[in-house]
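Okay, structure first, notes after.
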Number of protein chains: 2
Amino acid sequence: MSPSPMTRAATQTAATGTGIAMPSLSDLCRSVLDSNREKIAIQKPDVALRKLELILTSALELSNGKGFQAMSLRDLSRASGISMGGLYQYFDSKTTLLKMILSGVSGAVEGALADPPPEVEADPRAHLLWLIDTHVRLTEQMLPWFTFSYMEAKNFPLAERRAAIDSEALTESYFANVIARGIASGAFAGSTSPLMPALIKPLLQEWYVKRAKYRRRGVTIETYIATVQQMVLDATGAKALETPPGG
Amino acid sequence: MSPSPMTRAATQTAATGTGIAMPSLSDLCRSVLDSNREKIAIQKPDVALRKLELILTSALELSNGKGFQAMSLRDLSRASGISMGGLYQYFDSKTTLLKMILSGVSGAVEGALADPPPEVEADPRAHLLWLIDTHVRLTEQMLPWFTFSYMEAKNFPLAERRAAIDSEALTESYFANVIARGIASGAFAGSTSPLMPALIKPLLQEWYVKRAKYRRRGVTIETYIATVQQMVLDATGAKALETPPGG
DNA sequence: ACTGATAAAGCGAGCGTTCGCTCGGAAACG
DNA sequence: CGTTTCCGAGCGAACGCTCGCTTTATCAGT
């Protein structure tokens, strides 16, 4: 098995200090396995999990390189070392494989963003910064998954496309809610644009969509997070961070 | 010929007051035709132009609906009313068709952003606002072209992918240059993040990538432009606009 | 500990279909 | 009548997917 960007990830905690655990590759595959149990013919869970990791890792690598549509199942068979017939014991169609990856992404987003730590939730300003931090770190952890989900979204079958839009709307609502609370409590300016929640999203997506660019330029994830946080604070009329990223 | 988002566009001037003309569909196809003359077997220019418009319009519509890869040339033949053999007198491979669309986009971007009116270029602040305004209006005018270019970028052959990255880097450099000049002249804060030019881009792309969302929500292009302009001014430490968008 | 039966998992040639693309001839034009 | 434009059946290749078979794992019974 060739080294992948995900394999290094154990069930580790991100350096945000809030104690939210990021899902490891095994966690993701287990969740995918559980929610597609009826489509998977393999009985022994540990065998299924190991091979599913192989399949999904290879599928993400190939898809992110040439596109899901252009990735043939023969490509996937070769890359994963599993025969054509073997692959079809883990999904009943190529579309199901796509759905599996999507379910992993949307599940992880909800799992990570839905339950902020109590001390953060109490303060809209801290909550907003936490959402930005957690989202960027989650996408970093699951980079191939998010690039896949983002880039292939438009080729989804209709049902999956709707699901993707809903998932995005949900994420946006997290930001909308916290900003609304912040305005109500006086932490954010009342003149904050109603478009603000929608405009935060592309700033978060930028990190994983153009990941190679920032790696090439030597921009660290901490710098990126701090910059976006500062930009959002500026736009919401909140006070500056203690450590301005531009200095 | 079915009505398309582009057909309404004559060679009209955007409402920015700066007098920069946006390219019409005919302009675009003519430029594509000129730069691919050797690949196109048709001799009479007016015939070639009319059919090329048909082909490109249909290709954009189909590709933006199901993806370029998934659009078969038989689909394109049916949609454009031109036979398979007929299509191949306008390009020698499907990849060439893709390149044609890309060249139209990158050409239009450079044509629109490279030469700001003199009175705008003199003032970094006005120049920055003009870049945002012009870029968003250009993408609105050429919506199917930009959606195509953005969504299909990662499936390009390697040479075209590099060209797309270069084109994006060029756009970013326009913002980088004007911000650098603004900092030098004191119009923008020296603490402005060096990431700022890179972060403006996704805010501009958001408009056409999620165009349907903003249409559904009734967000006008003027509101969107003003909001992004305000956000960038906030982040660069410049003074506020006369008419804040949030009020 | 070994064996043989039963089930689980793995395999890849082959099926029907569709793809990008070609080419010889018909149609339209000047 | 020569030239330009248009046409669509047909080519080889590659696609998603299947299925009969082999290999491997499991575990009584001796």
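Each chain gets a letter, A, B and so on, in the order the sequences are listed, and its residues count up from 1. If you're wondering where the values come from, they're calculated on a predicted model, not measured in any experiment.
No donor-acceptor pair under 3.5 Å is formed between the side chain of A:T134 and the backbone N or O of A:L131. The backbone N or O of A:L60 lies less than 3.5 Å from no partner atom in the side chain of A:S63, so there is not a single donor-acceptor pair. Side chain of B:D166 to main chain of B:A163: no donor-acceptor pair is present (N/O by atom type, distance under 3.5 Å, no hydrogens or angles). A donor-acceptor pair under 3.5 Å is absent between the side-chain atoms of B:S106 and the main chain of B:S167, judged by distance alone.
The nearest whole Å value for the distance from the CG atom in A:L98 to the C1' atom in D:dC17 is 17 Å. Note: CG (B:L49) to P (D:dT5) measures 14 Å, nearest angstrom. Note: CD (A:Q89) to P (D:dT23) measures 17 Å, nearest angstrom. Taking atom CZ of residue B:R50 and atom P of nucleotide D:dT5, one finds them 11 Å apart after rounding to whole Å. Atom CG of B:D46 is separated from atom P of D:dT5 by 10 Å (rounded to the nearest Å). At whole-Å resolution of the value, CG in A:L54 and C1' in C:dG10 are 14 Å apart. In this structure, A:L52 places its CG atom 12 Å from P of C:dG10, rounding to the nearest Å. The interatomic distance linking B:M84 (CE) with C:dC19 (P) rounds to 10 Å, in whole Å.
Rounding to the nearest 0.5 angstrom, the gap separating the CD1 atom in A:I55 from the CG atom in A:L97 is 8.0 Å. Separation of atoms CG (A:D34) and CG (A:L49) is listed at 9.0 Å; rounding is to 0.5 Å.
Checked against D:dC17, D:dC6, C:dT22, the side chain of B:Y88 finds its nearest nucleotide in C:dT22. Listed candidates were C:dG12, D:dC6, C:dC21. Nearest to the side chain of B:S93 is C:dC21.
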Query raised in the report: Could you go step by step and tell me if A:K201 and A:E206 meet the salt bridge (Lys or Arg N to Asp or Glu O under 4.0 Å) rule?
Result: CA-CA 9 Å; A:K201 273 233 74 180; A:E206 169 79 1; over 6 Å; no
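Remark: B:K94 qualifies as a cation-pi partner of B:F68 under the 6.0 Å distance and 45° angle criteria applied to the six-membered ring. The cationic group of A:K99 does not satisfy the cation-pi geometry with A:F91, failing either the under 6.0 Å distance to the six-membered ring centre or the 45° limit from the ring axis.
Dashed line: the shortest gap from a side-chain N or O of B:K51 to OP1 or OP2 of D:dC6 is under 4.0 Å.
Using a 4.0 Å cut-off on heavy atoms, the residues of residues 62-76 of chain A that approach DNA chain C are A:R74, listed by number. For DNA chain D, the neighbouring residues in residues 34-44 of chain B, judged by any heavy atom under 4.0 Å, are B:A41, B:I42, B:Q43, B:K44.
Using a 4.0 Å heavy-atom distance criterion, A:F91 is classed as making no nucleic acid contact. Nucleic acid contact class of B:S77 (heavy atoms, under 4.0 Å, all strands): none.
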